[in-house]
Amino acid sequence: MMTSIDFLSWVRGPVFIMATAIFVFGISLRLLEIVSLRRKPDYSAPRGSRMVGGMRTLFSRSMYDKSTFQRSAFTIVAGYIFHLGLFIVTFLSVPHILLFRELFGFDWFGLPTILIDAVTVITLLAMLVLLIHRLKNPVRRFLSTFENYVVWTVTFLPLLTGYMAYHHSVFPYPLMLGLHILSVEILMVVFPFTQLMHTFTLFMARWHTGANAGHRGIQV
Amino acid sequence: MSKPQSIAERLSNQGFNRRDFLKFCGITATVMGLPPAVIPQIANALEKTPRQSVIWLSFQECTGCTASLTRAHAPTLERLIFDHISLDIHHTLQAASGEAAEQIRKQAMKDNQGNYLLIVEGSIPIGNPGYSTIAGMSNKDMLMEVAKDAKAIIAVGTCAAYGGIPHAYPNPTGAVSVEELITNKPIVNIPGCPPIPVAIAGVIAHTVTFGTLPELDSLKRPVTFFGQNIHDRCYRRPFYDKGLFAESFDDEGAKKGWCLYKLGCKGPVTSNTCATEKWNAGVSFPIESGHGCLGCSEPNFWDAGSFYKALSVPTGDFAQTAGYALAAGAAVGVATGLLNKKKKGDAAKNHETVTINDLDRKQQ
Ligand code: HEM
Ligand code: SF4
């Protein structure tokens with residue numbers, strides 16, 4: 001009989017190893033696939049710095065532009081909240097930092113659980129609201145693919161199960177924690193092969209655009 | 001055998017008055033999580049009931065469970081209970097040995113057929129019957145024989161309840177728990193390495209008083225004692241919530257009594273009553289003396305990763321795996337990248353120019 005402790009040991013042990021292998025392999029593969037394609041060299045005389053342009057765009061594109069904001073303020077605000085929340089919960093909660101410490105050998109400042117808990121609730125709500133928004137608007141719904149929903153689900157589940165584990169809801173803690181870790185493992189496996197890769201490619205693309213502009217001396 | 005005395009009779013023989021007796025019943029009720037209204041019922045039952053016959057078998061064990069029970073100093077509930085059951089056989093504590101001991105066991109089984117409580121301490125090796133024997137009899141055979149006519153079985157300690165340390169990987173003796181061998185008898189598991197004495201006493205008191213077993217959870221543990229999570233009852237919990245952790249066993253945080261999560265505390269996944277009942281007559285419990293919980297009352301706690309690794313840290317060497325995966329991914333990535341580049345080159349080479357006339361022609 002598999003008890004919840006056995007289940008927890010299983011997801012903390014062999015399953016995590018497998019998920020890590022797929023996650024890291026997949027990301028490494030996808031990124032190098034893109035990088036190794038290489039661009040044609042640009043022989044034109046530089047009118048500005050690629051580096052400065054690239055770095056500037058990395059940040060400047062994170063600012064909304066006025067007319068877009070007027071058209072879809074809601075998506076932008078909720079989207080920002082949810083991405084920021086996801087970042088805070090994943091990288092600033094102490095149990096999670098311990099995991100990164102194991103991997104990288106160093107750690108950083110974590111937030112009190114109570115704050116993490118509040119951010120979790122806000123993030124969950126932002127994600128829910130965005131889903132409803134997507135479903136209610138006929139155009140958005142038409143444009144949504146199956147993958148959009150898969151990606152939403154695998155991102156939502158770790159947040160939900162983490163919250164449930166902390167609050168001991170539905171299942172006893174060991175089982176809920178096991179489910180939380182399993183949900184993260186699912187996310188890790190799906191990540192490299194879906195649009196979740198935008199986490200990385202977004203910045204590559206921005207940098208590239210900015211660097212090109214920088215090279216040509218375009219002020220953005 | 002002498003004429004069976006009731007618990008009340010024995011108490012009065014020992015100079016306890018009725019007040020003491022009722023107090024004892026009150027403690028029993030509290031420990032079992034019952035309302036004060038049932039105290040008279042407990043008193044009544046104990047006054048009338050002859051001493052419950054108990055047979056205690058010790059298999060692959062370290063005697064820690066017995067030690068835990070017998071070390072209570074003051075006349076605690078555990079002591080009272082143990083004075084007032086008829087512990088007909090206890091492998092470790094009895095004076096008799098050899099044939100004589102076997103004789104007593106057989107006699108007790110006969111006198112109380114279908115009525116005695118069987119307490120098992122230790123796991124049962126089924127790899128080879130010779131791994132652990134008593135009077136030339138394998139543990140398994142003895143368990144089967146005694147269990148047959150028992151009213152109920154109490155598996156005391158993590159070994160009897162889940163296999164415990166003998167069962168830890170690679171389980172050289174093929175150790176199993178009581179419930180893996182016996183499926184046709186009521187079984188109560190009181191896990192712990194060792195278990196809290198009052199839990200054992202409480203279950204016995206409940207059985208004697210009500211003639212039934214207490215309410216059990218899915219792991220056959222009495223809910224009264226195992227319904228709580230250490231982390232939820234831990235006095236260091238406010239520090240966990242505030243994010244204040246000891247980073248080592250002797251840093252400032254440790255001295256200030258901060259949470260031991262980072263040092264590998266398994267309190268969050270452990271159900272037991274240590275944080276409230278505590279040990280050594282309520283003196284303290286492991287977390288209070290500065291060491292994280294090991295989760296000793298949970299199944300397979302020995303194989304659940306290092307005691308000093310935080311719960312959120314995976315148990316395997318995932319950093320190394322990540323390294324290999326990174327290299328492998330990079331190699332395949334570059335290879336496909338080059339292939340794609342070649343494809344692009346070939347496509348460019350074989351490119352046929354399409355003029356507006358060609359398109360026109362196709363449309364017609
Ligand atoms: C994308 C990755 C992850 C997300 C989004 C996530 C999300 C969360 C959330 C929302 C909470 C609850 C916070 C609260 O309400 O107080 C939480 C707690 C927790 N998570 Fe994660 N998590 C992730 C990865 C992981 C991983 C990989 C592990 C371990 C292998 C892990 C272990 C834990 C633990 C131990 C807790 C503490 C629960 C408690 O305080 O009782 N998480 N996580
Ligand atoms: S010391 Fe252990 S049980 Fe206590 S709050 Fe910290 S993690 Fe929880």
Side-chain angles (χ1 to χ4, degrees), chain A residues 1-6 8-9 11-38 93-99 101-105 107 109-117 165-166 168 172-175 177-178 180-181 192, chain B residues 162 179-180 217-219 227 229 231-232 237 239-245 247 259 261-262 266-271 295 298-301 303-305 309-341 344:
Chain A
M1 184 185 64
M2 191 173 196
T3 64
S4 43
I5 296 285
D6 296 336
L8 180 61
S9 301
V11 294
R12 278 179 78 204
V15 185
F16 197 87
I17 296 268
M18 276 188 296
T20 308
I22 297 173
F23 179 68
V24 176
F25 175 84
I27 288 179
S28 167
L29 171 95
R30 297 280 318 260
L31 291 184
L32 271 138
E33 211 178 34
I34 298 170
V35 173
S36 64
L37 265 180
R38 308 266 292 282
S93 111
V94 174
H96 298 157
I97 294 173
L98 292 180
L99 174 80
R101 182 172 74 181
E102 181 83 1
L103 185 61
F104 302 121
D107 57 1
F109 172 76
L111 294 176
T113 320
I114 296 153
L115 266 177
I116 296 289
D117 199 35
Y166 180 65
H168 296 214
Y173 185 81
L175 180 55
L177 180 63
H180 173 55
I181 298 176
Chain B
Y162 310 127
E179 63 177 326
E180 280 175 271
D217 67 11
S218 63
L219 294 175
N229 177 288
H231 185 60
D232 284 348
R237 178 61 184 270
F239 295 118
Y240 175 90
D241 288 334
K242 280 188 208 137
L244 298 174
F245 299 92
E247 302 281 343
C259 169
Y261 188 91
K262 287 189 174 180
K266 302 295 179 291
V269 295
T270 305
S271 299
E298 294 297 327
N300 299 331
F301 78 102
D303 292 325
K309 227 177 203 184
L311 256 178
S312 62
V313 177
T315 51
D317 190 352
F318 71 106
Q320 197 191 34
T321 309
Y324 285 136
L326 193 74
V332 181
V334 170
T336 35
L338 292 179
L339 265 178
N340 286 342
K341 206 166 171 187
K344 199 169 119 190

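Naming: A, B, ... by sequence-line order, numbering from 1 per chain.
Counting heavy-atom pairs under 4.5 Å between each of B/Gln320, B/Lys344, B/Lys309, B/Lys341 and chain A puts B/Lys341 at the top. Chosen from B/Leu311, B/Leu338, B/Val332, B/Asn340, the residue pairing most often with chain A at heavy-atom distances under 4.5 Å is B/Leu311. Considering only heavy-atom pairs separated by less than 4.5 Å from chain A, the leading option among B/Asp241, B/Thr315, B/Asp303, B/Asn229 is B/Asp241. Looking only at heavy-atom pairs under 4.5 Å with chain B, the residue among A/Leu103, A/Thr20, A/Ile27 that has the most is A/Leu103. Of the listed residues B/Pro299, B/Pro314, B/Gly323, B/Ala327, the one with more heavy-atom pairs under 4.5 angstrom with chain A than any other is B/Pro314.
Of all the heavy atoms in B/Ser312 and A/Pro95, the pair that sits closest is OG-O, 2.6 Å. A pairwise comparison of heavy atoms in A/Ser28 and B/Ala330 identifies OG-N, 2.7 Å as the closest pair. Taking every heavy atom of both residues into account, A/Leu98 and B/Ala310 meet most closely at CD1-CB, 3.3 Å.
Interface residue A/Arg101: only side-chain heavy atoms are found under 4.5 Å from chain B. Both the backbone and the side chain of A/Ile17 come within less than 4.5 Å of a heavy atom of chain B. When heavy atoms are compared at a cutoff of 4.5 Å, B/Lys242 approaches chain A solely by way of its backbone atoms N, CA, C and O. For A/Leu8, the part lying near chain B is the side chain, with the backbone staying farther off; criterion is any non-hydrogen pair under 4.5 Å. Residue contact with chain A, scored on non-hydrogen atoms closer than 4.5 Å, involves the side chain of B/Asp232 exclusively. Of the two parts of A/His180, neither the backbone nor the side chain holds a non-hydrogen atom closer than 4.5 Å to a non-hydrogen atom of chain B.
For A/Ser9 (side chain) and B/Ala304 (main-chain N/O), no donor-acceptor pair under 3.5 Å exists by modelled atom type. Listed for the B/Glu298 side chain is a donor-acceptor partner under 3.5 Å among the backbone atoms of B/Ser271.
Side-chain contact between A/Val94 and B/Phe245: present, with at least one pair of heavy atoms (C-beta onward) separated by less than 4.5 Å.
Partner B/His231 forms a ring-ring contact (aromatic ring centres under 6.0 Å, His included) with one of B/Phe239, B/Tyr261, B/Tyr240 and no other, that one being B/Tyr240.
Aromatic ring orientation, A/Phe16 versus B/Phe318: perpendicular (interplanar angle above 60°, classes split at 30° and 60°).
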